[in-house]
Amino acid sequence: MAMTQQELVDMLSSLTLFADLTRPQLEQVAHKMTEESFPVGQRILRQGFTGTGFYVILDGEVAVRIDGRDVARLAKGDFFGEMSILLGEPPVADIVTTRQLNVLHLGGPELEGFLRDHPTVMFRMLKALAMRLRNASR
Amino acid sequence: MAVAELAERPFPPGDYPVVVVGSGPGGLQTSYFLKRLGIEHAVISADPAPGGMFRRFPFFQRLLSWTKPYAPVAREDRWYQWYDWNSLLADEPEARAIMPTLMDGTSSFPSRPEMEANLAAFVERAGLTVRYDCRWESTRRDDERFVLATSDGEYRCQTAIFAVGVAEPYLPDTPGFDLVSHYVETRPAETYAGKRLFIVGKENSGFELATGLLQWAQRIVLASPRPAKLSVNTHSLLGVRARYVLPFEDQNLGGGVFILNASIERIERAAGGGFRIHCIRSENGAELSVEADEVIAATGFKCPLLDLPDLGVAVFGRSGLPAMTNYYESATVPGIYFAGTIGQGVSGMKKYGLPANSGAVHGARYNARTMVYHVARTHFGIELPRPEVKPDALVDLLLSEATRAPELWNQKSYLARAFSLDAGAGIRDEGVVPLAQFVDEEGPAGVAIAVETDDLGDIHPAVYVRETGRPAVETLLASNPLHDFRSVENRAQLSSLLAGATAGVVR
């Protein structure tokens, strides 16, 4: 979907990851991250590939696929790519689009600075990662 | 317009297998390859002459893409394309490398009129035909055909290719932007003499204006929420180009340029004339109010896709780019394709966040070729040559491509040279392909090589080996200080990588 600047900022404000940001901060996020679109069936993260990025889903759905087996689905508001960037290692899963996908993208090398600039986003990300860890160990 | 006159011009309204809309570099390059393959098509353009955006932009009259007249390779070689980002591609010697022949020697960045002349010369020497002054106005479906209504009448086609640029001024919906002028409305430089200028946007277009108006304006403020990036720091064409760094130095010395990280809250007319711009600074959230005589929104462009979204063409983002496949086909309406700068909507691998150069001629010209070849194969059943390669030549060929191929250097991590390794058919040259397509499709066994830049700016080859029905595996090869990747070390590593994959490929 095409969005105006204001519509994009409104949408970002509704996502949990960015819920603590002020409007000017949301505008900054909207300028720092780029909007991208992927057709169904395309891999966005690839197991074992270098140079990956960080993605926040605006619309659509992806499958998390490990060795050809789907282990999870992600949709609007979910994010992916942070693990391999934070660890400095290639992804251990493929991310494959299962519905036409619109995302915000940040290049891997920019993620650390982005999180330092927006500590509330870092905190929200940490909470989400903690929940993933808890669910995985149940 | 009289009926007789309509009929004298090329491509009268009617039914064609393919209709191409646009006569900028994207439309012309597309038409060239369609013609080479013998695919009948019409080219229509709202403009009166070829050139697209280069008929008007950039304002300050010099491009950001180089053409180096004196290169280490001959101009007739394919390798020269890496040194000449502005000529369109052609097989005929007379239509190749036109740009360097038209430059006056004052810069390796051609002037706008030189670029316009380059495109006009291409049309003539490649024997292309365009119906000018024919404006595409609306689109509809009629059974299996697309119907393009134009100022000259209706065009029906099986495949429609839109090369209409990302050319429509984009203004944010922030209050007050309706009061100010867009980049495209910039006047001659001298009319800004002594003015206090406020430029919204810190991409290249904003800095192009700041650089061009530096000696005219009394004060220049540039503002946008995000700090400006410089291309010399991003190791790519992403960010403000080196040609436009003068305003940074001026700011650092306190010369009257101010580069602010701030979001614009609203713009209003000031009581004494001019404008008052209300900002929130990104660093600390503090309010800042700036007065200016002139405000220019260098806020980018969007796609003039008219009613294509009503036809089902999905678009995304603030630029309204179409959602596309790796071959620039609409992801939602098969048969509708895009060429030229619109191709930047296909992200590809975007390793380390570095985008391809699809928004520029030197990337889009190769994208047009991969798109036309795909159209030829899938819509017209045209089999393209797939020359056989001897197994003992493969390693040298791959490393030679990584060292010199203009497609791989212009479209890093985006286009690759691919070879299929089919046990029955031998090693076949599959040409230049979209890298994301190669690594994701479950095709036959194959190998592809690309050139990539990492986060430290190191440029190196990357090899992708695909076994039948399995995802490709990535291997990075060693760099070289002089970018010659044909080293003993790389030969040994590549030979070892391919040993298994090519072992069974004997015809």
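For the options B:Asn326, B:Val473, B:Thr299, heavy-atom pairs under 4.5 Å to chain A are most numerous at B:Asn326. Ranked by non-hydrogen atom pairs under 4.5 Å with chain A, the options B:Pro172, B:Gly320, B:Ser282, B:Ala331 are led by B:Ser282.
Going from atom CG of A:Leu58 over to atom CZ of B:Phe316 covers 11.0 Å, rounded to the nearest 0.5 Å. Between atom CG of residue A:Asp94 and atom CG of residue B:Asp440 there is a gap of 8.0 Å, rounded to the nearest 0.5 Å.
Not one N or O on the side chain of B:Asp173 forms a donor-acceptor pair closer than 3.5 Å with the backbone of A:Thr4.
Interface residue B:Ala436: backbone and side-chain heavy atoms are both found under 4.5 Å from chain A. Heavy atoms closer than 4.5 Å to chain A are found in both the backbone and the side chain of B:Val439. Heavy atoms closer than 4.5 Å to chain A are found nowhere in B:Leu354, neither backbone nor side chain.
Scanning residues 22-34 of chain A against chain B with a 4.5 Å heavy-atom cutoff picks out A:Pro24, A:Glu27, A:Gln28, A:Ala30, A:His31, A:Lys32, A:Met33, A:Thr34, ordered by number. By a heavy-atom distance cut of under 4.5 Å, A:Ser37, A:Phe38, A:Pro39, A:Gln42, A:Arg43, A:Arg46, A:Gly48, A:Phe49, A:Thr50, A:Gly51 are the residues of residues 37-56 of chain A near chain B, going up by number. Among the residues in residues 116-130 of chain A, none has a non-hydrogen atom closer than 4.5 angstrom to a non-hydrogen atom of chain B.
When the salt bridge (charged side-chain N to carboxylate O under 4.0 Å, His left out) test is applied to A:Arg73, the partners found at least two apart in sequence or on another chain are A:Glu61, A:Asp70.
Looking at B:Arg226 and A:Glu110, no side-chain N of the basic residue comes within less than 4.0 Å of a carboxylate O on the acidic one, giving no salt bridge.
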